[in-house]
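Both backbone and side-chain heavy atoms feed into the values below; hydrogens, waters and symmetry mates do not. Just so we're on the same page: letters track the sequence lines, and every chain starts at 1.
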2 protein chains.
Amino acid sequence: MGITSRKEREKEEMRRLILDAALRLFREKGFDGVSIRNIAEAIEYSPATIYLYYKDKSEIFFALQFEAAALKRDHLLPAAAFEDPWQRLIEFGRRYIDFGMKHPDLYDLLFIIRSPMESIENQDCWKLGIATHAFFVETVQACVDARYFKSTDTETIAYTLWCHAHGLVSLFIRERMRMYPEEKRAELAMRSFDMIVKMAESL
Amino acid sequence: MGITSRKEREKEEMRRLILDAALRLFREKGFDGVSIRNIAEAIEYSPATIYLYYKDKSEIFFALQFEAAALKRDHLLPAAAFEDPWQRLIEFGRRYIDFGMKHPDLYDLLFIIRSPMESIENQDCWKLGIATHAFFVETVQACVDARYFKSTDTETIAYTLWCHAHGLVSLFIRERMRMYPEEKRAELAMRSFDMIVKMAESL
DNA sequence: CAAATTTAATGAACAGTGTTCAGTGCGCAA
DNA sequence: TTGCGCACTGAACACTGTTCATTAAATTTG
């Protein structure tokens, strides 16, 4: 069965080729700025060929979103090493924000872009994101169990912290902090993170 | 001077006609979903005519953003009636979130869409947004002056509260709360608002 | 090995997009 | 009434995502 397995492998290589080019272009020009023709040109194939490997543009979008979700998971994973749930939670938050700041394009893909959100539940990228979110909620639950907060409403605590972190990153990467001088923005974000940590301590 | 002033008026009426159609279409189909041809068809003119009144699509974008900013200001304004700065701040936050939930399309336009953010500083819409933001920061400052917080770092307090509110609204309207059942989402958002208020009290 | 069949790749096309520009025809001033 | 200016437009350009018949090459079959 050497031939079928080779064909399988070649098909996989082609998908990688497309995805790598797409991700690279996307990071350069943003998601909307990249066309199927751009990707085709980058890999030196005709636009029609792309459609032999991905049903349409949104399938490429989902595949990229999966890559981004995996990268994000890997970025957050080291936080799990902290024994103390409260330290784990702080590290998780710090790494979440750090990921967003370092990879605005990927963060965009994961949390901001609208695109084809309808059928997202069935997609691998979403399942991976859910798993990471679950880890976050579990960490909050561990803090609740260890009586780090007065409140025991894990769901709302987790959601509130997430809102702050997401708001912080997305205001930053979507250029809505222009009322602050550029060199002060990152510092303000850091101060705000410290503040929400302090606020959470007295929760 | 009857003729020139009439012409002036007619020009203004035409711009209104375009903008009203654009805003209506935009609220129906989202910003990316509306084309110049759609707008032209809606007002029964040729696409080329649009370009006699707006330089390009991004100028229509700015004009719409200004409308949205004005609507948002009007939505938030009643908060100013509260004498007590802390009550004023709470009301401001509540109304901010309410605006985002009720007008996701406009909120999108103001705080999420990337589009032509480069030259935004010179645009009226931005100036209006800055003014509303300034009112928010002043309210926080009034709370600080009245010793409602232990912290005196007005800038960081204001920014932290904004991050939370923006994160809350944008996770909601960009469909990133799908891990929560639909009927629970708005309620969770409200609980989170109450929680950040409580957190801020002990700030 | 040759013929038949499957399969990868493509060029051309369709309907859509933002935008430009050479006209066209009407209102107004002289 | 003539002529100028101006609001308006049809047609075009270069782009977009996507489809499909056709070509060419690889593989299977006789």
Side-chain angles (χ1 to χ4, degrees), chain A residues 1-19 21-23 25-26 28-65 109 113-119, chain B residues 1-19 21-23 25-26 28-65 109 113-119:
Chain A
M1 299 298 104
I3 286 169
T4 43
S5 79
R6 196 207 65 208
K7 292 228 169 181
E8 201 67 34
R9 202 178 60 239
E10 282 177 353
K11 189 138 191 159
E12 212 48 55
E13 279 168 10
M14 189 63 165
R15 290 170 73 94
R16 260 264 64 83
L17 193 65
I18 293 170
L19 233 51
L23 187 57
L25 285 171
F26 167 63
E28 282 167 16
K29 311 201 280 175
F31 187 75
D32 290 341
V34 179
S35 72
I36 298 286
R37 280 174 179 80
N38 295 154
I39 301 170
E41 198 176 356
I43 63 172
E44 295 179 294
Y45 278 85
S46 105
T49 304
I50 309 275
Y51 287 87
L52 299 176
Y53 298 91
Y54 290 98
K55 187 173 121 283
D56 54 26
K57 204 186 177 185
S58 84
E59 269 216 357
I60 300 179
F61 168 79
F62 286 137
L64 287 176
Q65 209 173 34
L109 205 49
I113 282 179
R114 188 138 30 202
S115 285
M117 268 283 135
E118 319 87 37
S119 58
Chain B
M1 300 289 107
I3 285 168
T4 44
S5 79
R6 197 207 64 206
K7 293 228 168 181
E8 201 67 35
R9 203 177 59 239
E10 282 177 353
K11 188 139 192 159
E12 213 46 57
E13 278 168 12
M14 188 64 165
R15 290 170 73 94
R16 260 263 63 83
L17 194 64
I18 293 170
L19 233 51
L23 188 57
L25 285 170
F26 167 63
E28 282 168 17
K29 311 201 280 175
F31 188 75
D32 290 340
V34 180
S35 71
I36 299 285
R37 281 173 179 80
N38 295 153
I39 300 169
E41 197 176 357
I43 62 172
E44 296 178 294
Y45 278 85
S46 107
T49 304
I50 309 277
Y51 287 86
L52 298 176
Y53 298 90
Y54 291 98
K55 187 173 120 282
D56 53 26
K57 205 186 177 185
S58 85
E59 269 217 356
I60 300 179
F61 167 79
F62 285 136
L64 286 176
Q65 209 174 34
L109 205 50
I113 281 180
R114 187 138 30 201
S115 284
M117 268 284 135
E118 320 87 37
S119 58

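Put simply, the side chain of Arg37(B) and the base of dG16(C) share no donor and acceptor less than 3.5 Å apart.
As rounded to whole Å, 12 Å separates atom C1' of dT17(C) from atom NZ of Lys57(A). Atom CD1 in Ile50(A) sits about 11 Å away from atom P in dT18(D), given to the nearest Å. In this structure, OH of Tyr51(B) is placed 15 Å from C1' of dC8(D), rounded to the nearest angstrom. Atom CD1 in Ile18(A) sits roughly 13 Å away from atom P in dA8(C) (whole-Å rounding).
With rounding to the nearest 0.5 angstrom, the CD1 atom of Ile50(A) is 4.5 Å from the CD1 atom of Ile18(A). Summarising the geometry, atom CD belonging to Glu10(B) is positioned 10.5 Å from atom CE belonging to Met14(B); distances are rounded to the nearest 0.5 Å. The OH atom of Tyr54(B) sits 13.0 Å away from atom CZ of Phe62(B), with the distance rounded to the nearest 0.5 Å.
Checking dG17(D), dT7(C), dT19(C) against the side-chain heavy atoms of Ser35(A) singles out dG17(D) as nearest. For Leu52(B), counting side-chain heavy atoms from C-beta on, the closest listed nucleotide (dT18(D), dA8(C), dT9(D)) is dT9(D). For Thr49(A), the side-chain atoms get nearest to dA9(C) when compared with the rest of dG17(D), dA7(D), dA9(C). Closest to the side chain of Ser46(B), out of dA8(C), dG18(C), dG10(D), is dG10(D).
Here Glu28(A) pairs with Arg24(A) under the salt bridge (Lys or Arg N to Asp or Glu O under 4.0 Å) rule; sequence neighbours left out.
Nearer the 5' end of DNA chain D, as judged by each residue's closest nucleotide, is the contact made by Ile36(A), out of Ile36(A) and Ala48(A).
Residue Asn38(A) places none of its side-chain N or O atoms closer than 4.0 Å to OP1 or OP2 of dC15(D).
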